[in-house]
Visitor: 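Starting off with a structure, shown below.
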Amino acid sequence: MQLSRFPRIRLGHLPTPLEHLPRLSALLGPEIWIKRDDCTGLSTGGNKTRKLEFLMAEAVAQGADIVLTQGATQSNHARQTAAAAAKLGMDCHILLEDRTGYNEPNYRLNGNVLLDVLHGATIEHRGPGLDMNAEMFAVATRMKAEGRKPYAIVGGGSNATGALGYVNCALELLGQMVERGLTFDHMVTATGSAGTHAGLIVGLKALNAQLPLLGIGVRAPKEVQEGNVFRLAQATEEKIGLQSVVAREDVVANCDYIGKGYGIPADSTLEAIDIFAKQEAILLDPVYSGKGAAGLIDLCRKGHFTKGQRIVFLHTGGAIGLTGYTHVLPHA
Ligand SMILES: *Cc1c(COP(=O)(O)O)cnc(C)c1O
């Protein structure tokens with residue numbers, strides 16, 4: 001598996017730490033470890049850094065002068081894209097979708113939105129329920145007609161190019177495991193636009209890691225989510241010149257922790273945020289890692305993961321979004 005033939009611009013602080021969580025392990029039973037992709041750097045970090053290393057390299061190779069992307073109001077992906085564009089001296093234009101109906105000032109202006117603006121991105125808004133990628137490509141077409149050179153990045157940076165960042169993460173994690181003589185029984189991650197889950201499963205399977213991966217869904221029902229991840233895994237395999245490495249049954253998502261919908265924290269999300277903050281001083285986010293951790297916690301309590309097992313949780317970042325969610329978080 002050769003990733004070095006793909007253009008890549010180093011944006012992240014890599015490798016990210018792999019840490020044991022003793023207090024959380026004592027609380028939950030299994031030995032819990034965490035892969036700290038909240039520490040990737042790039043404007044408070046998160047999983048989009050790894051994808052953007054490959055996506056922004058493609059933008060530069062194509063001679064782009066402006067990068068477009070889209071996401072929900074508190075999109076971590078939009079914020080990290082704005083940061084990457086600033087670092088590379090490109091303009092950035094973001095389409096934000098009002099997906100939650102929240103109208104609180106902190107939700108609309110604080111957290112990721114505050115950082116989008118600080119990094120110099122321009123923003124336009126859309127109501128809920130549109131095909132946001134189609135909206136974005138329409139804007140890109142208009143920009144081309146005006147003489148700009150736009151590079152459009154699909155929501156979450158989740159295409160085969162972006163997923164290479166998580167093939168690379170699988171390589172990095174296996175290197176750390178070998179170096180430290182560690183094995184894991186299971187890996188758990190939040191899964192949304194699918195690039196993280198797809199890239200990881202391709203990397204893990206291609207390297208014969210024997211490490212089952214569970215995605216905790218944040219938006220779509222299980223069948224839809226697994227289908228999205230599997231299709232992207234196939235496209236990612238093809239991009240790196242592999243075939244039939246990932247089987248459909250390797251792609252497993254549990255979508256029982258979504259609650260009322262995307263971007264709306266469930267009680268279990270808020271409890272997970274509370275537990276990680278108080279037991280391990282680790283900040284989760286209310287949209288993704290909080291739901292992923294809620295799944296991890298519940299599956300330990302239910303005995304799906306048991307004492308004697310060793311589990312690694314991928315922290316995908318997003319904690320800056322907490323400041324956009326003050327209306328649902330505990331107050332002083
Ligand atoms: C985007 C994101 C995810 C989900 O990753 P996908 O590749 O979109 O599935 C998880 N956690 C955080 C914090 C994110 O911003």
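In each ligand, atom 1 is the first atom listed, and ligand 1 is the first ligand listed. All values below were derived from every heavy atom in this structure, side-chain atoms included, with hydrogens, water molecules and symmetry-related copies excluded.
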Visitor: Can you label the angle between the F313 ring and the H315 ring as parallel, tilted or perpendicular, going by 30° and 60°?
Guide: tilted
Visitor: Would you say G46 touches ligand 1, if touching means a heavy atom closer than 4.0 Å?
Guide: no
Visitor: Need the ligand 1 atom indices (1-based, order shown) with element for anything under 4.0 Å from a heavy-atom of G318.
Guide: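 Per the distance check, 13 (C).
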Visitor: Would you check whether N47 has a nitrogen or oxygen atom less than 3.5 angstrom from a nitrogen or oxygen atom of ligand 1?
Guide: yes
Visitor: So, is T316 polar-close to ligand 1, with some N/O to N/O distance under 3.5 Å?
Guide: yes
Visitor: So, are K222 and D256 salt-bridged, with charged N and O less than 4.0 Å apart?
Guide: no
Visitor: Between H77 and ligand 1, which part of the residue brings a heavy atom under 4.0 Å of the ligand: side chain, backbone, both or neither?
Guide: neither
Visitor: For S158, counting its heavy atoms only, list the atoms of ligand 1 lying under 4.0 Å from any of them.
Guide: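 Checking each atom against S158, I get 7 (O).
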Visitor: Can a salt bridge be assigned to the pair E237 and K205 using a cut-off of 4.0 Å between side-chain N and carboxylate O?
Guide: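 Salt bridge between E237 and K205, a charged N being under 4.0 Å from a carboxylate O: no.
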Visitor: Flag the pair E97 and R126 as a salt bridge only when some basic side-chain nitrogen lies within less than 4.0 angstrom of an acidic carboxylate oxygen.
Guide: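 Result for this pair is no, no salt bridge flagged.
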Visitor: For atom 14 (C) of ligand 1, what is the nearest protein heavy atom, given as residue, atom name and distance?
Guide: K48 NZ, 2.9 Å
Visitor: Geometry only, no angles: is G317 polar-contacting ligand 1 at N/O separations under 3.5 Å?
Guide: no
Visitor: Does the cation-pi check pass for R50 over Y166, that is, NZ or CZ under 6.0 Å from the six-membered ring centre and within 45° of its axis?
Guide: yes
Visitor: Which ligand 1 atoms does G192 reach within 4.0 Å, using its non-hydrogen atoms?
Guide: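 Atoms satisfying the 4.0 Å criterion: 4 (C), 6 (P), 8 (O), 9 (O).
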Visitor: Please identify which atoms of ligand 1 are closer than 4.0 Å to at least one heavy atom of T191.
Guide: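 Near T191, the atoms of ligand 1 are 9 (O).
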Visitor: Provide the number and element of each atom of ligand 1 under 4.0 Å from a heavy atom of K51.
Guide: 6 (P), 7 (O), 8 (O)
Visitor: Quick check on contacts: which atoms of ligand 1 are under 4.0 angstrom from a heavy atom of N76?
Guide: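 In order of number, 13 (C), 14 (C), 15 (O).
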Visitor: Answer yes when E226 and R248 have at least one side-chain N-carboxylate O distance shorter than 4.0 Å, and no when they do not.
Guide: yes
Visitor: Regarding R301 and E271, does a basic nitrogen lie under 4.0 Å from an acidic carboxylate oxygen?
Guide: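 So R301 pairs with E271 through a salt bridge.
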Visitor: Provide, to 0.1 Å, the distance between atom 8 (O) of ligand 1 and the closest protein heavy atom, together with that atom's residue and name.
Guide: S193 OG, 2.5 Å
Visitor: Does Y288 have K48 sitting over its ring (NZ/CZ under 6.0 Å from centre, angle to axis within 45°)?
Guide: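 Relative to the ring axis of Y288, which defines the angle, K48 lies inside both limits.
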Visitor: Any salt bridge linking E53 with R8? Criterion: basic side-chain nitrogen under 4.0 Å from a carboxylate oxygen.
Guide: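 Yes, this pair counts.
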